[in-house]
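Note sheet for the following structure.
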Amino acid sequence: MRADIVPGGTFPDYELSDHAGARRRLSELQSSDPMILLLARGHFCPKDHQQHLDLAAFYSKMTVAYTQIVTISTDDVRATREFRNSVGARWTFLSDAGRVMQKELDIQEYTDPYHDPMIPHTLLLKPGLVIHSVYNGYWFWGRPSVDELWHDLREAAREIRPDWDLGTPGLRAAWEAGDRARFYADPGLTPSLTWACASDGTALD
């Protein structure tokens with residue numbers, strides 16, 4: 001892995017084709033949320049399938065916690081779509097079939113010249129694609145468990161959410177004064193709807 005892809009660094013904002021063939025940029029997919037980024041070997045790999053099945057079972061927790069997840073592999077768009085469907089994933093899969101990212105990040109798995117995949121990595125990114133943690137998954141036990149990701153996400157969320165602890169001095173006064181700058185606003189909703197949901201507990205789809 002390239003020397004600057006370490007905690008505290010910034011992951012490149014790649015634009016790639018998704019499982020439906022649309023061009024998508026990582027920063028667009030992340031928005032203002034933490035994001036789990038999976039650099040996968042591809043549809044042919046049983047290790048990738050197992051990791052993705054675990055994350056698919058965990059996905060409902062990520063959605064209620066405002067956390068994004070993206071998978072990138074060197075599969076073409078069709079194989080990317082089949083990989084996504086085969087593990088029951090509901091998040092975005094991206095195709096680096098041209099090996100642009102693989103080469104730029106220096107993560108070619110040279111021990112498998114037949115598939116020429118990426119060395120698998122799992123990264124947790126804070127908003128702005130800032131790297132919080134990196135796991136090298138060439139060996140399966142190098143990949144993070146769901147429990148490890150939960151721990152990392154707790155640490156990252158505590159850093160990026162000013163309203164992590166509603167008992168923080170000044171937060172209640174700010175809220176009552178109508179100052180919402182330090183409170184989470186869902187980018188998919190207007191602020192008034194987001195804060196109404198936070199206030200009365202109403203679930204908004």
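These numbers come from a predicted model, not from an experiment.
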Indicate yes or no: at least one non-hydrogen side-chain atom of Leu125 is less than 4.5 angstrom from one of Ile131. yes

Hey, mind stepping through Arg180 and Asp163 against salt bridge (charged side-chain N to carboxylate O under 4.0 Å, His left out) and telling me if it holds? CA-CA 10 Å; Arg180 303 296 193 254; Asp163 58 351; over 6 Å; no

For Arg172, look at atom CZ and say whether over 12 heavy atoms of other residues, nucleotides or ligands are found less than 6.0 Å away. no

Is it the case that the side chain of Gln30 and the backbone of Lys126 share a donor-acceptor pair, with hydrogens and angles ignored and the cut-off at 3.5 Å? yes

Could you report the tightest heavy-atom contact between Pro34 and Tyr66, atom names first, then the distance? CD-O, 3.5 Å

How many angstroms lie between atom CZ of Arg99 and atom OG1 of Thr74, to the nearest 0.5 angstrom? 4.0 Å

Shortest non-hydrogen contact from Arg23 toward Glu15: NH2-O, 2.9 Å

Can you tell me how far apart CZ (Arg84) and CG (Leu94) are? Round to the nearest 0.5 Å. 10.5 Å

Aromatic plane relationship, His52 with Phe93 - under 30° parallel, 30 to 60° tilted, over 60° perpendicular: tilted

When every non-hydrogen atom of Ser32 is compared with those of Pro127, the smallest separation belongs to O-CG, 3.3 Å

Does a salt bridge link Arg78 with Asp76, judged by any charged N lying under 4.0 Å from a carboxylate O? no

Any donor-acceptor N or O pair under 3.5 Å, side chains Thr92, Asp18: no

Mind checking whether Phe83 and Trp91 sit in one hydrophobic cluster, side chains of I, L, V, M, F, W, Y counted as touching below 4.5 Å? yes

Minimum side-chain heavy-atom gap Phe58-Thr67 below 4.5 Å: no

Closest approach of Asp116 and Gln108, non-hydrogen atoms and distance? OD1-NE2, 2.9 Å

Which heavy atom in Met35 sits nearest to a heavy atom in Leu29, and how many Å separate them? SD-C, 4.5 Å

Applying the side chain to side chain contact (heavy atoms under 4.5 Å, CB included) criterion to Val87, which one of His43, His49, Gln51 satisfies it? His49

Side-chain (Ser95) to main-chain (Asp75) donor-acceptor, under 3.5 angstrom: yes

Counting distance only, does the side-chain N/O of Asp13 pair as donor-acceptor with the main-chain N or O of Leu26 below 3.5 Å? yes

Indicate the atoms forming the closest heavy-atom contact of Val134 with His121, along with that distance. CG1-CD2, 4.1 Å

Report yes if some heavy atom in the side chain of Met101 is under 4.5 Å from a heavy atom in the side chain of Leu39; otherwise report no. yes

Go through Gln102 and Asp96 one step at a time and tell me if the side-chain hydrogen bond (donor to acceptor under 3.5 Å, both in side chains) criterion holds. CA-CA 8 Å; Gln102 182 216 53; Asp96 182 37; over 6 Å; no

Hey, quick one: are Leu124 and Ile5 part of the same hydrophobic cluster, counting side-chain heavy atoms closer than 4.5 Å, chains of contacts allowed? no

With a 4.5 Å limit on heavy-atom distance, are the side chains of Val70 and Tyr14 in contact? no

Using the rule given for side chain to side chain contact (heavy atoms under 4.5 Å, CB included), can you reason through Arg143 versus Gln50, listing the C-alpha separation, both sets of side-chain angles and the distance that settles it, and then say yes or no? CA-CA 11 Å; Arg143 304 178 189 214; Gln50 183 59 61; over 6 Å; no

Among the clusters formed by ILVMFWY side chains lying less than 4.5 Å apart, do Val146 and Ile69 turn up in the same one? yes

Taking the side chain as every heavy atom from C-beta outward, state whether Arg2 and Pro12 have any pair of such atoms under 4.5 Å apart. yes

Can Leu55 be reached from Leu123 by stepping across I, L, V, M, F, W or Y side chains whose heavy atoms are under 4.5 Å apart? no

Would you check if Asp152 and His132 make a side-chain contact, meaning some heavy-atom pair closer than 4.5 Å? yes

From CA spacing to verdict: side chain to side chain contact (heavy atoms under 4.5 Å, CB included), Leu171, Trp164: CA-CA 10 Å; Leu171 271 185; Trp164 177 261; over 6 Å; no

Using side chain to side chain contact (heavy atoms under 4.5 Å, CB included), reason through Thr168 and Arg182 one step at a time and then give a plain yes or no. CA-CA 11 Å; Thr168 299; Arg182 288 182 286 172; 5.5 Å; no

Side-chain heavy-atom pair Tyr184, Asp33 within 4.5 angstrom cut-off: yes

Following the transitive rule for hydrophobic clusters with a side-chain heavy-atom cut-off under 4.5 Å over Ile, Leu, Val, Met, Phe, Trp and Tyr, establish whether Val64 and Met62 coincide in one cluster. no

CZ (Arg161) with more than 12 external heavy atoms under 6.0 Å: yes

OG (Ser86) and CG (Leu53) are apart, to the nearest 0.5 Å, by 7.5 Å

Any chance you could lay out the side chain to side chain contact (heavy atoms under 4.5 Å, CB included) test for Leu129 and Leu37, step after step, and finish with the verdict? CA-CA 10 Å; Leu129 303 177; Leu37 179 62; over 6 Å; no

Interatomic spacing from OG in Ser17 to CZ in Arg81 - rounded to 0.5 Å: 11.5 Å

Return the CD1 to CD distance between Ile119 and Glu109, rounded to the nearest 0.5 Å. 6.5 Å

Apply side-chain hydrogen bond (donor to acceptor under 3.5 Å, both in side chains) to the pair Tyr135 and Glu148, showing each step before the final yes or no. CA-CA 11 Å; Tyr135 295 87; Glu148 287 172 312; 5.0 Å; no

